[in-house]
Amino acid sequence: MNPSNKKIAPSLVALSSAAVLTIYAAGYLRTRSAAEQFAVDGAQRRTAGPAEASPVALPAPPPADPVPASPESKPEASAPPSRKTSPQAAPAPAAASTSAPVAESTEASVAPIPAAPSVLPTGDPTVPADADLRTPEPPAAPPVAPQPQYKDGTYSGWGTSRHGDIQATVIVEGGRIASAVISQCWTRYSCSWIAALPPQVVSRQSPNVDYVSGATQSTNAFYYAVVEALSKAK
């Protein structure tokens with residue numbers, strides 16, 4: 001065995017013992033205050049006993065009935081007095097008789113106060129309170145019949161374009177357009193392209209008609225012809 005190991009072993013033991021003592025001392029110091037507090041709490045629990053019950057005050061016994069002094073009062077106690085001869089029952093009718101007239105006189109003296117007539121904002125008290133003071137709305141004016149836009153009759157007009165001229169004839173009945181026709185067509189193309197325009201004049205009561213694709217010039221010629229015819233009907 002190495003002789004150096006014998007010299008190191010005692011020093012290790014000493015260091016280990018010192019470490020154990022240090023840890024124990026530190027734990028003891030940290031738990032000392034808690035241990036003392038537990039000891040104080042335990043002593044208080046042991047010394048504290050159940051609270052003594054406070055004495056309950058009993059109510060005093062009721063006083064005994066007084067004993068009659070003379071023997072003459074015994075028959076009066078054994079035989080109750082009748083209601084007719086009792087001195088205590090006699091004042092009751094008198095009190096009732098005295099209170100009744102007072103109540104009657106009070107009710108007779110207090111008469112209902114008539115309600116004051118309600119005065120309306122107009123200051124006239126003769127007007128009843130439930131009268132309707134709103135200003136009546138004026139009656140609605142009767143609807144005015146529309147004036148006829150055109151004079152009755154048959155009117156014709158011409159419309160020009162670079163492809164030719166068109167004559168339109170318009171008939172007015174009752175102030176309204178009754179019919180519109182193409183009376184003459186002097187255009188380069190057939191007026192069948194714009195055959196749907198005259199009915200539009202009647203339905204719309206106006207010369208404003210739709211443009212026909214491919215017949216724009218003919219449409220313009222018909223429009224101006226209807227405008228000229230209606231200008232004569234005003």
Side-chain angles (χ1 to χ4, degrees), residues 30 34 96 98-234:
R30 299 189 67 175
T98 55
S99 60
V102 173
E104 293 177 359
S105 61
T106 304
E107 294 177 358
S109 60
V110 179
I113 301 174
S118 59
V119 180
L120 298 177
T122 57
D124 189 1
T126 60
V127 180
D130 56 350
D132 190 0
L133 298 180
R134 294 177 297 178
T135 304
E137 297 180 358
V144 180
Q147 297 294 331
Q149 187 175 0
Y150 306 107
K151 295 183 295 184
D152 293 352
T154 302
Y155 307 96
S156 298
W158 282 92
T160 60
S161 68
R162 63 182 179 178
H163 294 305
D165 300 335
I166 293 177
Q167 183 186 34
T169 301
V170 179
I171 300 175
V172 178
E173 295 179 356
R176 295 176 58 85
I177 300 174
S179 66
V181 295
I182 300 174
S183 54
Q184 296 188 45
C185 181
W186 298 96
T187 58
R188 182 183 302 179
Y189 304 100
S190 173
C191 286
S192 61
W193 285 73
I194 58 173
L197 299 183
Q200 294 182 9
V201 175
V202 178
S203 61
R204 300 178 184 180
Q205 294 293 305
S206 171
N208 296 324
V209 294
D210 297 335
Y211 279 100
V212 178
S213 177
T216 304
Q217 296 299 322
S218 298
T219 302
N220 289 335
F222 176 77
Y223 167 78
Y224 290 118
V226 175
V227 169
E228 183 179 355
L230 292 177
S231 65
K232 299 175 183 179
K234 293 184 179 180

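Closest heavy-atom contact between Q200 and S203: O-OG, 3.2 Å. Of all heavy-atom pairs spanning G157 and A229, the tightest one is N-CB, 3.7 Å.
Each side chain to side chain donor-acceptor pair (under 3.5 Å) pair with one or both residues in residues 221-231, not counting sequence neighbours, would appear here, but there are none. Counting only residues at least two apart or on different chains, no salt bridge (charged side-chain N to carboxylate O under 4.0 Å, His left out) pair has a member in residues 215-224. Applying the ring pair (Phe, Tyr, Trp, His ring centres under 6.0 Å) definition to pairs two or more places apart or across chains, those involving residues 159-180 are H163-Y189. Among residues at least two apart or in separate chains, salt bridge (charged side-chain N to carboxylate O under 4.0 Å, His left out) pairs with a member in residues 201-211 are R204-D210. Within the structure, side chain to side chain donor-acceptor pair (under 3.5 Å) pairs that include any residue of residues 164-179 comprise S156-T169, Q167-S183, Q167-Q184, T169-S183 (at least two apart or interchain).
Between I194 and I166, the closest side-chain pair of non-hydrogen atoms falls below 4.5 Å.
For the atom pair F222 CZ and S161 OG, the distance stands at 13.0 Å (nearest 0.5 Å). In this structure, NZ on K232 lies 12.0 Å from NZ on K151, to the nearest 0.5 angstrom.
Summarising the local packing, CH2 of W193 is surrounded by 12 or fewer heavy atoms from other residues, nucleotides or ligands at distances under 6.0 Å.
With P198 as reference, I182 is the one residue of V181, V226, V209, I182 to meet the side chain to side chain contact (heavy atoms under 4.5 Å, CB included) rule.
Take N208 and apply the side-chain hydrogen bond (donor to acceptor under 3.5 Å, both in side chains) test, not counting sequence neighbours, and it matches S206.
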